[in-house]
Amino acid sequence: MINAYKDLYAGVSSTLRGAFTDDNYLYVLTSAPDFRKYNLQTLEQVNSNLTVSSTPKGIALIYGATGAAVFESSAVDFIDLNTNARTQVTTGASSTRSDNMYSQHIATIPASGFGISTRGTNGTVQAINGVNGTVSSLTVGGLTGAQATCVTVRPETNTFFIGSNDGKVHEINSSGATLRTLTLATTPNVGSAPIRHVVGISYCNPYLAILENGGAFYLYNYTASSYSYTGILESGNSSLANTNCSVFCTAASGTAYYGKGNTGLVGQSFCEVFFNANQPVFLPYYNETTAAMTVSAVSAANNRAFMATTLALNGVLPFREFTGGPFNQVQVNTRVQDSGTDVAARIIRIRDSGIGRTCVELDQNIPSLSTPLPATEGHNYIEIAIVSGPEKMDIREFQA
Amino acid sequence: MSITFVGSISPASTTMRDGCTDEINNRIDIVESSGPSFRQFSMTSPFTQFGSNVTCLTAPAAVCLLNSASAVIRSSSVTTTDYIELATNYRTNASSVGGAIPVAGKGQQCAADMAQAVAFFASSTSNAITKVTATAVTSNTVPSMSNDTVTCVILKGPDRWLLGTAFGAIYEINSSVSVLDSYHTNMLPQIGMARSASPAACVVKYMSFSDNLLTVTTGDGSMIIMDWSTKTIMYQNQVSIGQNHGLAISHSASGVFVAGHTISTNDNKLIYETDGTVIPGQVNDILYTDNSGTFPALGINITTATAWAIQNGTEKIRIFTLAPRTSSTQTFTIQSPSGTNVLARLLLIDDTGGQGTDKIVLDTIMQSPGTYRIPSGKSLIAIAKYGEGSTAKWEAHRIST
C-alpha cells in the first residue's frame, strides 16, 4: 500500500523519460536530454546533469555499475553510474519504437549483462550486451510484420516477454527465438477483427498481467495457459504517431503500478495492482494531476514506486515517488490442531487489503506440524484451515 | 464465451442521442438529432424499423418507455415533453415544464417504473427532477439537494429510483420524490494536493443496480461498486480517463451489465459484459468493434438476454446476445446472540475447482439478513465475521448452489 510520497522536479523544460533504482539511488533520463542520479531517500540530486543522446526512451541497469539508455535515435548510451561517464554506441544501434510512452522500452538481466529494447522496425528488437558494450539487431521469428511495444523479463528462465502491436505476447530467449506466443482474442467481433496492441506487461510467476490499447486488463496464468481474470482500463490512442495508453511496470512480488496514458480533465489515479493470485486487487490512488502518465517504475528492495507525468501544468508535478509495498516475501508459520492434536490440513490464505480488496494468495496442504508458508511482509491475511473427513473449518487473522 | 454478436443496425442517422429497450416487442427505440426523430427497430435480424421516422421535439436527449404502450422524450434545449404511442408512432407534445436535459449524448438521464407509468428525467434546473406521468409533467424539488444538479436517473425497483448528481451524490427516491436513502461518492485515497475544486471528478454519469449492489461510474472515469444496503465499497478503480462521460454502463440483468467507453480515442472500442454482483467488476466477455466510435448509451432486453449499444461516430447500434445468467439470490442471516440480527463481514469463496482455483466472489459488510446474488452450480465457502476487536467471531461453512 502506498503510504507516503515525494515529488521530484526535473526542471521546467524537462520531463521524465525513464527510471530505475538500486538500493540507494534513483536514476532517471529526462527530455533535456540528460541523465540524473538522485538519493533515493532524500531525492537530492547527487550528480551533475550528464548529457545523453537525443530523444531518450528508457534506461535500466545492464551490468555491474553500468546503466544502458535507449533512444528514439540510433544510439545506445552506456553510463557508468559511479563516475557519471557516458559511452555512446551507434554502431549496430537503432531507435526504439516511436510512441509517447516511456515505460518498458528496455528490459535487462544484469547478472548476464544482456538486455533487449523495442525497435522501430518490424520483426526485430535490439539486443544490448552490457559486458562488451555492443548493440545489434535481433530478429524475432514470431514478430513478423509487427513491432515490439513493450518488454519485461521472465526472471526464473532469464527470458523476455515482449508485447507487440498485433496483439501478441511472445516469450523469447536472448537469441531471439520465440519460445511461446500468446495471442489476444479478437472474437467475438462485429464482423472484422480489431487492431489490438499490447501496451504493458508485468509478470510474477505464474501470472502475466497484460494491458492492451482498447482498454482491457488481462490476467493470464502462464503455467495453466488460461485467463483467470479480465478487467477494464482506459481506451487509448495507439496510432504510431500518437501512442498514449496506460503505462505499466515490472512487478515486485506480484505488485505493479500503472497510470493513464491520456490527459484527463480531472485527476488521474496511479493504480497499484497485486496480481499474484487468481484475481487481481486494484488500489487506485488519486492524484491532482490531469496529465498523462508516461513512466512507471518500482523498486522492490526499497519499497518505492515511481510515476511520471508528461509536463508541469498548474503545479502538476513531473515525477512523483511513492513509498509503496512492502513487497518482501516472508514466511509465516501455521499449524492446525484438532482436539489438541496436530493434523494435516488445507490452508487458504486470503490477502486482505480491505473489504472488497481480497484475493486468495495461497491455497495448499500442510502436514500435521507447524509449517512455514509464504506471505507478503506487513500485509493482513485471513487464513482458513480446512480439515477433511468430516470437513471442519477454522479461521484466524494475522499480519505478516 | 458469453457474447454472441447478432448484427449492427445502421440507421443512417447523423447522431444518435439515447435509446431504450422495448422488452415486450423486443425493440430498441432511439432518438437522434437528425430529423430530429424517434425510431423503433427490431432487435431481431434483419432489424426492421417499425413504421417510419417520427419527427420529435428538437434536440432529443433522453427517452424511455413510460408504459408498454408509450415512450416519452425530453430535450436538451427545450422543456416540452413528447409522448409517442408505440403501436402507431403517433406523437403528442406537452407544454413546457421544468428544466432541459443537462447533457446531449449521454444515456441514463431518465427512467420509468412502467408498472405505475411514472418516469423521472434529469433536469438542468438546480435541485430538481422532472416527473412525467401519462397525464402530467411536473418539476419537483429533490429534498436534501443543495446547489446540485441531477445527472443520472435509473430505476432501482418498484417505486424506487436512484438519482446521481453533479456533485457525486446519490439519492434513492420514490414516486412522491421523498428521499429514502443517500450516499456521496469519494475518490479516495488521494495523494498530494487536493484536486481541482471542480466537482467534475465525482459527477455521477451512469449507474446499474442489482441485488443490493450498486455500480456507479463517475466523471473522472472511476467505476465504484458498493453494497447499497451498508454503503460498503467493494470495488473501486479508474477504468477510464476523466473525459467526456467516462465509462457508460447499462442497467443490470441478473447482476450483469454491458459497458463501453465514451472517450474519443483512436483505438477500436470494446463492449464489455461486466459482472456487478459476482466477482464485482470482473469482465465476463468482450465484443470487439472495428471502430473508434464511443458509446453514449447501452441496454439489455432482460427477457431475451439481448443487449444493444449505440456507437456514435460509426452511428451503428450493435446487437448481441448474452449467455443466460447462471446465478440465483440467497439470503444470509447472521445473528448474535440468537435472534438478534447483526452487521457482519461476509466473504464468499468459489471453491468449485478445488485447490488453487479459488476466487473471492463477494466481500462486503452486510446487514443481516442480506440477500446477494451467488453463482449456480458452485461449491462456495462462506465465512462471516461479526463483532469487533478481541470479541470478534468468525464462522465458516460450505454452500452448494
Side-chain angles (χ1 to χ4, degrees), chain A residues 2 5 7 185-195 213-216 229-239 242 260 262-271 278-279 282 284-288 290 315 317 320 322 346 348 350 355-356 358-360 363-365 382 384 391 393 395, chain B residues 1 3-5 8 187 189-196 198 200-201 219-221 232-243 247 259 261 263 265-270 272 279 281-283 286-290 318 345 347 349 355-360 363-365 381 383 394 396 398:
Chain A
I2 291 171
Y5 75 95
D7 292 318
T186 55
T187 57
N189 61 48
V190 298
S192 56
I195 299 167
N213 61 316
Y229 184 91
T230 303
I232 308 174
L233 283 179
E234 74 166 322
S235 179
N237 288 300
S238 58
S239 66
N242 181 28
K260 302 292 182 292
N262 278 292
T263 300
L265 296 180
V266 288
Q268 309 236 56
S269 71
F270 172 74
C271 189
N278 269 336
Q279 59 196 127
F282 298 103
Y285 294 87
Y286 291 93
N287 291 274
E288 71 273 33
T290 60
L317 308 163
R320 176 156 283 175
F322 303 87
R346 175 185 172 190
I348 299 175
I350 298 170
I355 295 164
T358 44
C359 64
V360 176
D363 183 356
Q364 73 177 66
N365 295 326
I382 300 165
I384 308 170
E391 186 173 81
M393 297 186 195
I395 301 168
Chain B
M1 291 292 183
I3 290 177
T4 301
F5 179 61
S8 296
M187 300 307 152
Q190 290 186 5
I191 291 176
M193 296 178 289
R195 290 196 293 175
S196 164
S198 164
D220 75 336
T232 305
I233 302 297
M234 305 166 64
Y235 174 94
Q236 182 163 354
N237 198 8
Q238 201 172 27
V239 296
S240 173
I241 56 170
Q243 286 186 20
L247 187 76
H261 284 101
I263 312 301
T265 57
N266 65 8
D267 280 341
N268 294 329
K269 293 292 183 292
L270 314 183
Y272 304 91
I279 311 180
Q282 175 173 259
V283 170
I286 296 174
L287 175 63
Y288 303 94
T289 78
D290 55 0
R318 310 295 190 180
R345 181 174 184 180
L347 273 151
I349 304 160
Q355 199 167 55
T357 65
D358 292 7
K359 283 187 175 180
I360 309 290
D363 179 9
T364 188
I365 298 292
I381 297 171
I383 64 175
W394 286 93
R398 191 175 291 274

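Everything numeric in this text was worked out from a predicted model, so none of it was measured.
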| message | Is any side-chain heavy atom of A:Glu234 closer than 4.5 Å to one of B:Gln238? | response | no
| task | Under 4.5 Å heavy-atom distance to chain A, tell me which part of B:Leu287 shows up: side chain, backbone, both or neither. | result | both
| query | Salt bridge or not for A:Arg346 and B:Asp358, using N-O below 4.0 Å? | reply | yes
| task | First locate atom CE of B:Met187, then atom OG of A:Ser269, and finally report the distance between them rounded to the nearest 0.5 Å. | result | 10.5 Å
| message | Among B:His261, B:Lys269, B:Met234, B:Arg318, which residue has the highest count of heavy-atom pairs closer than 4.5 Å to chain A? | response | B:His261
| field | Contact winner vs chain B - A:Ile232, A:Ile348, A:Thr230, heavy-atom pairs under 4.5 Å | value | A:Ile232
| Part of A:Cys271 within contact of chain B (heavy atom distance under 4.5 Å) | side chain
| Evaluation steps, side-chain contact (heavy atoms from CB on, under 4.5 Å), between A:Ile395 and B:Ile383 | CA-CA 9 Å; A:Ile395 301 168; B:Ile383 64 175; 3.7 Å; yes
| said: Quick check against the 3.5 Å criterion: does A:Asn237 have a side-chain atom that pairs as donor or acceptor with the backbone of B:Asn266? | reply: yes
| Between the main-chain N or O of A:Gly214 and the side-chain N or O of B:Tyr288, is there a donor-acceptor pair closer than 3.5 Å? | no
| field | Any side-chain heavy-atom pair of B:Ile360 and A:Gln279 under 4.5 Å | value | yes
| How about B:Val283 and A:Tyr229: do any of their side-chain heavy atoms sit closer than 4.5 Å? | no
| side chain to side chain contact (heavy atoms under 4.5 Å, CB included) partners for A:Ile355, two or more places apart | B:Thr232, B:Arg345, B:Asp363, B:Ile365
| query | A:Ser235 versus chain B, heavy atoms under 4.5 Å apart: side chain, backbone, both or neither? | reply | both
| remark: Distance col, row A:Asn213:CG vs B:Leu270:CG, nearest 0.5 angstrom, shows 8.0 Å
| said: At a heavy-atom distance under 4.5 Å, which candidate from B:Gly281, B:Ser8, B:Gly356 has the highest pair count against chain A? | reply: B:Gly356
| note | Given A:Thr358, A:Ile350, A:Val360, A:Ile195, the one with more heavy-atom pairs under 4.5 angstrom with chain B than any other is A:Thr358
| query | Just checking, any donor-acceptor pair under 3.5 angstrom between side chains of B:Gln236 and A:Tyr286? | reply | yes
| In terms of heavy-atom proximity below 4.5 Å to chain B, should A:Ala216 be classed as side chain, backbone, both, or neither? | both
| field | B:Trp394 to A:Ile382 - nearest heavy-atom pair and separation | value | CH2-CD1, 3.8 Å
| task | Name the option with the most non-hydrogen atom pairs under 4.5 Å to chain A; the candidates are B:Thr357, B:Ile279, B:Leu347. | result | B:Thr357
